[in-house]
Structure formats: structure tokens, C-alpha cells
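Reviewing the structure listed below.
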Amino acid sequence: MRFSGLKVIKEGLTGNRGWRPHWRDPDPKGAYDMVIIGGGGHGLATAYYLAKEHGITNVAVLEKGYLGGGNVGRNTTIVRANYFLPGNSEFYSHSLKLWESMEEELNFNVMHSQRGLINLFHSDGQRDAFARRGNAMVNQGDDAILLDREGVRQHLPYLDFENTRFPIYGGLYHPRGGTARHDAVAWGYARGADARDVDLIQNCAVTGIDVEQGRVTGVQTTRGAIRAKKVGVVVAGRSSQVAAMAGLRLPIESHVLQAFVTEGLKPAIDHVVSFGMGHFYISQSDKGGLVFGGDLDFYASYAARGNLPMAEHVMEAGMTLMPMIGKAKVLRSWGGIMDMTPDGSPIIDRAPVEGLYLNCGWCYGGFKAVPGSGFSFAHLMATDRHHAPAARYRLDRFATGRGLMDEEGTGAQHNLH
Amino acid sequence: MAELRATTPCAGLLPLRAGAMWLEEVDPGRITSLMPGPGQAGALDAALHAAHGVGWPDPGTAHLGDGAAVIWTGMDQAMLVGPAPEPALAEAAALTDQSDAWAVVDLSGEDGPEALARLVPVDLRAHVFAEGATARTLLGHMSVSITRTGPERLRIMAFRSMAGTLVHELQTAMERVAARRGLETGAPDG
Amino acid sequence: MRLAGKGRNRDAEEVRFRFDGRELRGRAGEPLAAALMAQGVRVMGRSFKYHRPRGVMTAGSEEPNALVTVGRGAGREPNVRATVQEVHAGLEAFGQNAWPLVDFDVMAVNDLFAPVLGAGFYYKTFMWPRRFWEKVYEPAIRRAAGLGALSGEHNPDPYEKAFAFCDLLVIGAGPAGLMAALTAGRAGAEVILADEGVEPGGRLLSEDETVAGQPAHVWVATALAELAAMPNVRVMTRTTVTGAYDQGTYGALERVSGHLASPAPELPRECFWRISAKRAVLAAGALERPVAFAGNDRPGVMMASALRSYLHRWGVVPGRSAVVFGNNDDAQRTARDLAAAGVHVAAMVDARPDAPEVPGVPTHRGAVVTGAAGGRQGVEAVSLRLEDGREERLAADTLAVSGGWNPTVHLTCHMNGRPVWNEEIAAFVPAEGAVPGLTPAGACAGVFSTRGCLEAGARAAREALADLGRQAPAAEVPEAEDAPYRLRPLWAVEGKGRAWLDFQNDVTVKDVKLAARENYRSVEHMKRYTTQGMAPDQGKNSNVAALAVLADATGRSIPETGTTTFRPPYVPVSIAAMGAGAQGEGFAPVRHTTSHAASRARGAPMVEAGLWYRPSYFPQGDEDWEAACRREARMVRAAVGVADVSTLGKIDVQGADAARFLDFVYANTFSTLKPGRVRYGLMLREDGHVMDDGTTARFGEDHFVTTTTTAAAGEVMAHLEWVRQGLCPAWDVRLISVTEQWAQFAVAGPKSAELLDGLIDGGLDKSAWPFMSCGPVTVQGIEGRLFRISFSGEEGYEIALPARYGAALFEELATRAEALGGGPYGMEALNALRVEKGFITHAEIHGRTTAFDIGMGRMVSAKTDCIGKAAASREGLSGPEREQLVGFRPVEEGAAMSAGAHVFAEGAEAVRENDQGYVTSVAPSVAFGGWLALGFLRDGRARHGETVVLVDHLRGTRVRATVQEPVQFDPEGGRLRG
Amino acid sequence: MRLRCPLCGERDRREFSYKGAAVALDRPATEDWSAEWDDYLHNRANPAGETRDLWQHAAGCGAWLVVTRDTVTHAVTEVALARDAARGKGAA
């Protein structure tokens, strides 16, 4: 069924009775060409691109809960391509281009809004570091503009320019950065994959990965055994547990990242604003809620909830930067489980077990990567060759030290990001 | 050459009062950090007793003697406050002069703990944190040492460079508590 | 309207306030909603999507409809519940999400398009043309959405945070909470009793009941008096516990001064509490639930319990003629109370076929309300379907609804506990042990009689105390209402027209059914697709009913269908409260050096570094930064300069194993350093990258003082402690920071020795102070330290005195320097001097740099084990592929380079594939004129002399530059050896 | 969240900083890069359940701690001084 404004009006006038399920609920078959473990954004996008780009449709996506129930359902919705290290630079650039054509392609409005992202800086040294980043973005073919203090003021007049602990020197403006309606991305890919005959199987937890003589042969699930020649693990937040089913230990620690949303308010913040010095970023959803977050709680956790010290720190950062939000009230806080790698960059690679593929380690940057990750991972699974924009996301980079992508410069070892 | 004049960390900022709370800067005399070597806590205890009449403190405690105090400040670490350390102490501990490293203030008055409850994540009420109790903790975002030196007196030590923030934070908290007291009694603090 | 002689607040002072510009009168302290109701105001808010006129529905913080904006100017506060805001003299409130007025809202036109604005419609349209989303559709949607508006100005009001501690936190002061607090208080435990209301008592204040044979509110007053007399009990009113966190930590929001007409300026508006409790009793009560039927969102349709609250507490009712609709005995209670108060009760409609009657009130058993009809101002008529299927229509302006009660389980979900479906009361109750140490008691655990709540509170407190090893005497539980809860579940009434579930977000029964039809059958999908439960009430009034409708639509039971998770906070918490103290400069401590005031007095702009403030430059006349920087740098090269370097971290390292320890934590060796000497050190992280650098001085066999950079001081100290305690616990090493003890100043330049000669007691014998030496000195008898080190490339010293003399010492040094043709210099000149010398800072050692990259690779590989050695030997951390530290000098003299530019080979297009490196530091050069730079270049050490192009797209520059040794000035170091 | 420091007693999480899995105590004795080093620095069991990790009572006594706790429930079962744990391993 094709969605359009006309269709919405026609259905509206006839009691909305003609709408059909956006996807089927098939029972799992005994065997597939490929199985994707994880029905989050990345897994669904992988299935979609396997079908669309590679014509591989005998594919099952196995989701232990509901589609889109992982981090794609609990993030702060930011979409950007403002990385500067080789590897990240080309990957996120490619991903952003996919975002820009996603709605037409999926016939689903994910409300991708390129409202512009501004990263603030607070010293000459930070300005230079952001200039290096912005120049890398332009080298990559993306957009970046260096704003001075007055330039920031024109965009964000409500910031405290006079009396804040870290005075604003300027900002790096990324006009193509923005936000999207996070759940819709998962639903759009689910609908697209389903329409191409991929089986999306909810409430189906994988309990084991079958390996014979170093080769994957299938998976065990709560809904029976499923044979497959290739298995993709796309389960950020549970990567270590699923990989362990195949005997692997990953360079990943799971951490909790909190996010917050306020009650609905009339438009107050038109951009995505990032205040690195205070570990704070914010945007306003189309419904009017201020959506914001900060740093990791900084302890290994699978609880998907955080504690007060970091929540307070985030609010404090908001109050020093933009005290006009003081009277906005936080409605809800939640936590996502982050697959943290040592260098803060992801892994899209073959596992040391033949037929097993890993897509993990997205740290706190996985949402914007959804289309690029799905595209590149599908390419890898289909062809057994790395897709160029994601070719540096190797599992062995930690062992070799080659191609580490430590964007923050805090160290290529755990718990420094 | 002009004589080099000493300046105290809170010069020009204190004393101040809010409601029935007072905040004043204290000159504690010499501050020497004591770090006993492996297995030398006992020897240091004896040396301290002999030299200054106070012992090596357990974690979270301070020995407040006449003229000399020993305040526990961390793992295997305490401060001798008041006198210059007797050289004999050096045989059992590493000594480091920290006399100028700290801003030292006394907060007195019954509501002191209530004001500090705005800033410090430790229960400092007198029946929980009695005379001789000490804690390394946070005051706002600053690392501090807090010791109860009297029934209504708390000694707060923060890094010298942060004296301005220390006083500002304490003053704000004291004023807020005083304003609430005014609210309770129906007579705004004036 | 107000009922004469009714309401427990009847003696309250009458005050004037304004709503939407109208001056009205109310009783001080009553909720704004009550005051508006008393004045006949029925429309208090507008819904989110359809802009439907809405009246007040509840009497608590869960209110979904009556959200108003309070105050004007910078401090105006949107989305305030009219049910919570207390009336005071001069209160100004405004309707919101409406234009021009909440009473007449042009946007209500949305309601006409409701058929096409159903669940998820926006996912299916607004996609063409692509560019229209940001330009047309989204701005229109954003303007229409949202509720109240922020002022857009800086928050002008004080807020605060505080900590509290107790043995037992009692959350809610209704019958269960009061009994819990009394029981624990009498046993001597430290108790905090936190209640959301203005006065404790909960439903006891809102019902016509007796406890212990006296009116319930009298019993409450007696209990409160007893609690007030206990020094171990703290009663916190207007305080909502908002969240349950690990190890007995609770967040709570106290409304401190919003109810006052003229609060003292120091009084915070709100206080966010962090309460640490050994045990907690949750006595949060229950929330009455609505029933979905056509038009159930009209003003005048209210929760029955709310109606009784307004009647008994505040003496107001929304209309003259009421219909009561329910499925439990609260229907009878409500009809009885209304009739007793003189309100005409047109009918009591009870879905139960065996419902009891109320004398004098027409009762319809087994009947349902099918619709509430009316106009903009609300209900005018109520349609019924009787047990026999007949339809009936009654005129009424008030419709009280009771669909039963939902226990307030929210806090028990905050640590991922999933509430459990209890078929008997058709509601979710807390899962056992959902929050460690917290016991739900009373209505929040599904016990709905007053007597049952009193007993449960006492029992929960006793159990909690027993857990803590305390005996609490069994409390005598007073006599009270103890009727069974008789309910026939009823969620939605079939019928034509829209029946609301989530009032605020305009989610109707049809929306949930549509979601199910489109296969958004998981409760999470339904919620996210329809926005059910995502409004300011977070589904408190609607989640269970929506779940029931979804269950019905998908042919599953409610427990099979699941529930959504409630997450903190229980009520919305202002960012200003939770972020209190940070506005302005409070976000982080400010660190001042002892020379701060003097630097400011000399007009130096201060820049922040690692929480410290350091002078950027000391302008003379109308110098800009560059002119001042060049002058100061020249001054150091030609005469003498003075700079405060106290901000560098200084760590005393002592003990028999101190030297061995430094050998382990540094990439180079310190055990060979002789006392009285200083050595540069490079510190790696265990991952083989550079962490920090600095000099270390040896004062004795077992005594070193090591310095860190300003920014990394804390990180290095924590790292060294980790190595000491975790990796070499048996070594005799003792560490302590001495950063704050010393005021330390660099004295640099050819006349530095001359300056110090006049200052130091006994003068300075240069021959006794070779380059990289250190030792004690005295100045006017004050014991200090002198280091012969240099970060400028000139002969230089650093002199340290105890910090109390810092201010005076700086003045003395500056004065002496000026007399020698020098003076103080700031960070800009310091930077310019070090760039000429190729000395690195964190601009270069930015976390991704290896020792190899900065030309110190051999230092690491030649050493025995040290932190980072193994990882640094990985193949990827050295070699020609790495970008290596180099200097850059412009080909065209004077051309301005910029840090952040990327480096390309001549003729190469400036794209990622050709990227060869980047510029890290650029500074004016007094040695060469123009500008010099440092940066990284792929295989740079092999490319000295090559011409490259520095491309800065952002600043629009392309500069040809030659690649240099990093050390561009005095590479032999003759000047610093003096 | 609160942790019971062996020296200071129970304190709020805000006084503590975090380092990660307690395997950091098991530093390989070799100086050359190896699979053992790779595993030590990078690979983690990362359990959903009981774990042992390293914290420092940074704003308190400065002690490094080995905390045994559950990553799913956040329940803390044991807090010990890292120094004692390290000595128990026979570290230098």
C-alpha cells in the first residue's frame, strides 16, 4: 500500500477502514539464506538493503521483543555527519546521504529535519580543534561553517553569552545536521523489508548460535531452531551476550546513557545545540518536547536506567548554557545500553567464525548510522567484501593499533569515552 | 625590596552571617600532610603522641588536641594542624607542608548542617556526625574536608584556588536556609 | 460555583488574582482550579492536537487538561497544573495552547479535520516535495504543537538542591503514610514523611469519613501534631517524590515559594531533594480512572473523587446538575455527597447490575453513559444506555465518572520492576521487591479501604524497621471505613463519536484500534504510534484503559498484552530545580591563581584552562592580542618576562620506591636522575598513546616533585594512584598533590638571572644553577624552591614560594622585570615562544598521539617495562603511515596560517583522499617575523624542506608552507643553557 | 546509587569515579605486545549479571576499590580495597 496525502484524506473520509498492517507477523521457517539477529534500526535496515540492493530476500530478522525496541527506540534522534577521522568521515557522510533520500525511498515520513547542528566551543584551542573537524567535513564533501560568537548569537540568541562558566567563543555549524522521528525509522525499514518478503519475527529470542567445524549453521531460538548459512549479529546493547553464544569475547563494555524529554512547549529551540564542554546536547521535537542528554553514567550496566548524579549534571549544563529552559519540566528520563568500544567507534566486520558477521560497538552514535550501517553491513554479508565507507570498522584494529578511530582523543582503551 | 606580605585565601570575602549562621576564615597554623610508610602507622602514632599529644586517627576521625589536631584526610593520610611537625615524625611518615594549600573556614550556628545539606552529600547533623568526625567529600563540585570541631561548629577546608567559589556557595546556601527559617517563623529574614 | 458554608478552607482570606486577563477572586491557598470553578470558569485548557476546550478533570498533579501558564515576563512558567498551583494575591495565570484565548481558540479548527488526523497520519504524508518538510510542513506542525511557551529569557528565579538522610522515607501522607510515619516515629527511627499536597492527609481531607470516631481531617490534625513533636520526624509538604534510584536514593521536588504572594528574594522557588533512605514505604495512594465514551473530554466531565475533593475541601462544584457514572461504590459515595451538598443529581448510572441505590437519587443499574453532549463550554446533556438497551438523554452540566482505581505503582517501576495484573481489582499492583528496600502499602498496593490503608501503613513501617534491626511497638490502628471494593471493570463504552483515552494528546479508542489494525499490536508500538501515554500526565489517567482497549482489539488478555514502563520523574521536574546552582558561573568551580587580581588590574583578559583562569596577555595602550603577544615574546627573548605557572599540577612523590615508581609510570627513566636535577618526562596511557608530559625534579633520594600540564592534573593524579594501589601495591610510594601549596612563576629571558639575583637571599650564583637543576632557596627568609627549566627556549627559572606570598611575589617579580626592560607575559606569548621551540602542549598531545609521532619513540622502545610500552609496540602505532610532528613556515613571508587547516601536497585537490595532516598550533613569531606553526604530517620527519599547502576551507585560506623541524628556533639550545 | 567505601562508609555515587572491569588488575608481565595484552586491554566478558569493576573514591579518601555488583539490578554485594585485591594476586 502506497502512502500519500491523498490516501490519508480518502481513508479519513471513509472511516480509516482501509489501512492494512505495515508488516506481517510470519512464523519462522526452518531455514533461511540469512538470519539477522536483532530487529532494531540497524538490523531492519540491513534486511531492507539485503533485499533491495542484493536481491536476497530469503532472510529472517529475529527480534526478542518488538521491532525497533532497542536503542533506535530510546535515543535523542540526532542525525549528523560531523566526524573527522578517516573511516568515520566517509561512513557518516554516506549515511547522511541515505537519510536524505530515505523518505521517498521508504514511502514513510521519518520526519528527517535538517534544522542544523551547532557545536559550541569555549576557547581558542577548542576553536582550532573544531576547525580541524570542520575542514575534514568539507574535505569529505559535507558542510561545515565556523561561526564566531556573534554568528552563534544570530542563530541561538537565547544562550547566556554574558554570565556563563564557559564563555562562548563560537560554534561549528553543520547545516545538514538535524533530527528524525526515531521510531519511524525502524518502522519504515520494517515496512520496506516486509514488502520485499523478508520475515520479521518478533518475540523470538536467539538462545544459541550453531557452529560446526568453525562454520555457522544456524541459530536456536525460543521459537525453534533455524538453519542459515550466514548470521548477522546486530544487537547493540546485548552484543557481548550474543557473541558469547559463538564463543567470542568482544572489545565491548555496556554502559548506560540517559536522555530526557520535557513537556511540550511552543517552538523555542530550532537547532540541535551541542555543548561539549558541559557534555550536553539538546533539540526540540516536532511535538514540542525538549529532547536532551549528556554523558554516560560511567559504569557498566544493562539496566537501561541511570542515576541522579549524571541527570543533575546534564540539567546543570543546560542551566549554565541556556538558562531560558529552566522552567521547562522534565517529563521522562530513560537510559539506553551503549555498546562501548575502546576507541569509541563501531565494528562492522566478519567474526572469526565463518558465516558470522558482527555489527556492533556503536557507542552513543548509532542512531544516525542506521541507514549507512544497514547498507554497509548488507554489502558485507551479501558479498563478503567490505563496503568502502565502512571498510575501516575492523575488529582487529585494536590488536594491530592500525586505524584506531578515537574521535574524542580520550584514549583507545575502555572507559575513557 | 618591599616585604612580601602574606595573603589569606578568603581575604576580603569573610566573615559573613546569614540568619543564625556565621562563616569566618580561620588561620589553622601549620598544615602538614602525614603519610606513613608501609607498616609504620603504629610508629607514627607513637611519634605523634610523643611530639604533639595526639594520635594517628582512624578513617573518618580527627583528634582535636590543645594546640595540635590530627585530621584524617584520606587513605593512609592525615593532616597535622597547628604546630610545625617535630622532625621525629619524618622517620615514620612522609611529611609535606600544605599550610598554604587550603582555604579554611568555620561555619557555626545550629543551622550549619542545614546549609551544608544544600551542598554536601554526607549527613552532617550533630547526632550523626559528632565532634571529632571528619569526612572527605564534595561541597558542590569541590573536593573538601569537613570536620566537626564543636557542637555547632564545622570546619571546612577546600583548595585555596577555589576559595571564591567556596564562599559563594556557602553564602548562597546560608541565605537560602535563613530565608526558609524566616518563612517558618513568619518573619522574613531582614 | 462556590457552595456557601462548604469547604474546609471557608475561613481563608479572599484574594484577587487574574486568569487570562480577567480579575477574579479566590481563597488564598486553594488550588487555582477550585478558584476558577468557583467563578464558573469551565474551560481551563486546550488539548494538544485538536485544540479541544477542556475543563479540569482531577484534583491532583496528574491533571491532564487544566494546564496553565503562571506569571509573566522572564519568569513565566508554562504547563502549571491548575490543580496544584495555589491561589495567592496577585497570582496571574493564562490559558495556553490557544489563540487568542483559551476560551476562544482559532486553532480549534483542527478538530474539524480530526478524521484525517488520526493515529500516525503524519508518517504517511508530508513527504513531497522533499524540501517542503523543513520549510513548510514542519514549521506549521511545530507551531501548532507544544503546550505552553517559555519566556525565551534567562530564568530569573532562585532554585536549589539539597540532600537529606533518614532511616525510613514515607512517600505520601494519606492514611497509610501517616500510620507508617507514626509507627516508625514512635519507635525512634529517623523518618521523612514527604507529601505532594499542601497539607498531609491525602484522601482523608477529601472524603466525608470518620477515623477513630472523629472526622477524618481531625484525626489527621492529631496525627500531624504528634509527628511535629517528634524531633526524629521531618514532615515535608508540597514535596513530591519523583524517582527511585539505586541503593535507596530518591529524588523529590519541593515547591517552596510558588504559593507566596511576595517571597523573600533568597527563597528558592523549588528545591530538588536527593534523599538517602535505608528503607522506604510507598504510600502514594491510587488514581481514579476515567471511562472512555463519546465526548468524555468535555468540560464538566470529571473524576468523581476529584469532584468530592473540590466539594469537601474547597467548597466548590462545577455545576448545578450532575450525573454520576461509575462501576464501583464510589458512584454511590459521590451521588450521596453531591446530594447532601444540595447539588441536583439527575441520575446515578452504575454499570453493575447489582449496584446499591442512593436514597433520593434516580439509579440506573447495569447502565452506561454513551455520550456527553454539549457546546464549547462543556457538557449540557448526558446520553445513557440502560440495562434493557433503551437510550435516554438527561440534561446535566456535570458528569462525575469513576472507572475504579489504579494503584500509584509508578515509583516501583523506576528500577525496571514490571507491575503485576491483579484480576480481583482489575488493576496493576507493584511487583514484589521491585525497588529494593521499598514496601508499597495501602492503596498503591491495591488496598482501597481506609482501615485497610491504616493497617497496611503501620505494618509496612514495622517490617521496614525490623529489617533495620529496630523493634516498633504494634500501633493501635484506629477504626475507619472498611468497605470492600466492588468493581465491574469498564474501560470503554461502545458508541458513535470519539471516546478519549489520553486526553492531553488526543488519543481516542479509534486511534488504538487503528494502531492494532496496522499491526502496531505490541503495547510499545501502540504507544509510540498513537502517542498514547506520552503527554504531560505520562499516561497516569489513561495507560491502563488504553491497554485494555488494545487487548480487546487484539484478542488478548490485559496481562498478555503487557504494560508500559513508568520512568522517572513521577511528576515533571523543572530543569532549573534539578540543575540548580549551575546558572551563571556555578556549573564548575572557579580556580584563581594568587596573581589573578594583579593580572586583572593590569588589564589582562583571562582565559580558562582546567578550571583555572590565566592571563591571555597584558595589553599596553591600545594593543590588540597580537601586538601584545609579539611585544611580550620579544621582551622574553630580549630581557626578562614573568609568568604565573602555578596552575601546572605538582605532585610530591616520596618513599623508598619513588624512583622505581616514576620509571614505571613514565616512558623515560628517573632512577638515574641525581638529586638536585630536573628531567623532562613523557607519560603514556596503557594504550600506548601519550597521556601527558612535564618535568620532574628530584629533591632527595626518596623525594621527587613531578609536574603535569594544567588540564591533565586531575587525570594524572588519579592515574598515578591507580598504578600505585592497583599495580604495585607493595611498593613504598606516597603521593600527594602540592599544586595548591605553591605559587610558582616562570622568570625567563637573558636577564632572568639578574632579576633573581636581587631577589633570592644571598643572590643567585648562576654556576650553581645549571640548566635542569633544582633546589631550595629563601626569599626574605621564606623557604621556597627554584628550578632552572625553560618552556620559552630562553634561560629560565621557575621560582616557587608558599601560596600566601604569591600575590606579593608576583608584584615583586613584575616590578623587577619592568625595571629590566621586561614584564609579565601571558598565555599568548607563552604559546608563541614554545611554538618557535617546538615544545608540545595538548594541542599536539591530543590523545591520539604516540611517542613515535612526536619523535620520542626511541625513548619508549629502549626502556624496560613501563605503562604503555607493550601497546605502543603495536605495528599501527609507528611507521611512515603515521602523521608526525613537524613545523611549518609560510613560503610567502608573513602569510597567516591557521590551526585546524589540513595539509595537502602541492597540486592535490583538497579532499579526504589526499589529506596528509593538519595544523595544530599557529603563533606569531618574533624570531622569524610573521607566523610559525606546528602540526602533523604523514611521514613528516622524512619530508623536512618540502613545500605543502595548508588548506582551511572554513576560513577560506590556502597557504603554501615549507615543512620544518619542529624546533625552529635555536635548535642547539644555546640560549636556554645561558 | 551508593557504594560502601571500606574506609569512609556508604557514600553517594557522585563521589566516585569509574575505571572498568577489574581485569585491569591482571596486567600482563610481558613487555611485548601479544594476544594476552590485546585481551587484557580490549576484550571483555561484559556480563549481564555479576561483575567486578574498579572505582575510585575520588572525592573521598582516594582509595581505588574493587566493587562486586550486578550490571542488571545495580545491586552491590562487596566493596574491597583494590590494593588488597592486588596484593592477593601477588602483584608487585
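Residue numbers begin at 1 in each chain, while the letters A, B, ... track the order of the sequences.
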Which bit of [X] comes within less than 4.5 Å of chain C, counting heavy atoms only: side chain, backbone, both or neither?
{"X": "L85(A)", "answer": "side chain"}
{"X": "Y169(A)", "answer": "side chain"}
{"X": "Q202(A)", "answer": "side chain"}
{"X": "A129(A)", "answer": "neither"}
{"X": "D183(A)", "answer": "side chain"}
{"X": "R24(A)", "answer": "backbone"}
{"X": "M137(A)", "answer": "neither"}
{"X": "T14(A)", "answer": "neither"}
{"X": "F260(A)", "answer": "neither"}
{"X": "I269(A)", "answer": "backbone"}
{"X": "A399(A)", "answer": "backbone"}

Check this for me: does any side-chain nitrogen of one of [X] and [Y] sit under 4.0 Å from a carboxylate oxygen of the other?
{"X": "E312(A)", "Y": "R274(C)", "answer": "yes"}
{"X": "E316(A)", "Y": "K161(C)", "answer": "yes"}
{"X": "D396(A)", "Y": "R874(C)", "answer": "no"}

Step through it carefully: locate the ring centre of Y123(C), locate the ring centre of H22(A), and say whether they are under 6.0 Å apart.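 No, too far apart.
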Which atom of R132(A) lies closest to which atom of Y918(C), heavy atoms considered: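 Closest pair (atom of R132(A), atom of Y918(C), distance): NH2-CE2, 3.1 Å.
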Do you know which two heavy atoms are closest between A131(A) and A899(C), and how far apart they sit?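 For A131(A) and A899(C), the tightest heavy-atom pair comes out as CB-O, 3.8 Å.
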Which atoms of Q247(C) approach chain A - backbone, side chain, both or neither, heavy atom under 4.5 Å: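 Neither part, no heavy atoms under 4.5 Å.
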What part of E270(C) lies closer than 4.5 angstrom to a heavy atom of chain A: side chain, backbone, both or neither?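 Contact with chain A: none, neither part.
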Which one of R2(A), R397(A), E263(A), Q284(A) has the most heavy-atom pairs closer than 4.5 Å to chain C?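 Max contact count across the listed options: E263(A).
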Return the option, out of M322(A), E162(A), R17(A), with the maximum number of heavy-atom pairs under 4.5 Å with chain C.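 If we count pairs closer than 4.5 Å to chain C, R17(A) comes out on top.
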Indicate the ring-plane relationship of H313(A) and F587(C), choosing parallel, tilted or perpendicular according to the 30° and 60° boundaries.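 The rings of H313(A) and F587(C) sit tilted, inter-plane angle from 30° to 60°.
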Restricting to ring-ring contact (aromatic ring centres under 6.0 Å, His included), what partner residues turn up for F126(C), sequence neighbours left out?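 Per chain and number, F126(C) pairs via ring-ring contact (aromatic ring centres under 6.0 Å, His included) with Y137(C).
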For Y66(A), which residues count as a ring-ring contact (aromatic ring centres under 6.0 Å, His included) partner, sequence neighbours excluded?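 In terms of ring-ring contact (aromatic ring centres under 6.0 Å, His included), with neighbours along the sequence ignored, Y66(A) is linked to H525(C).
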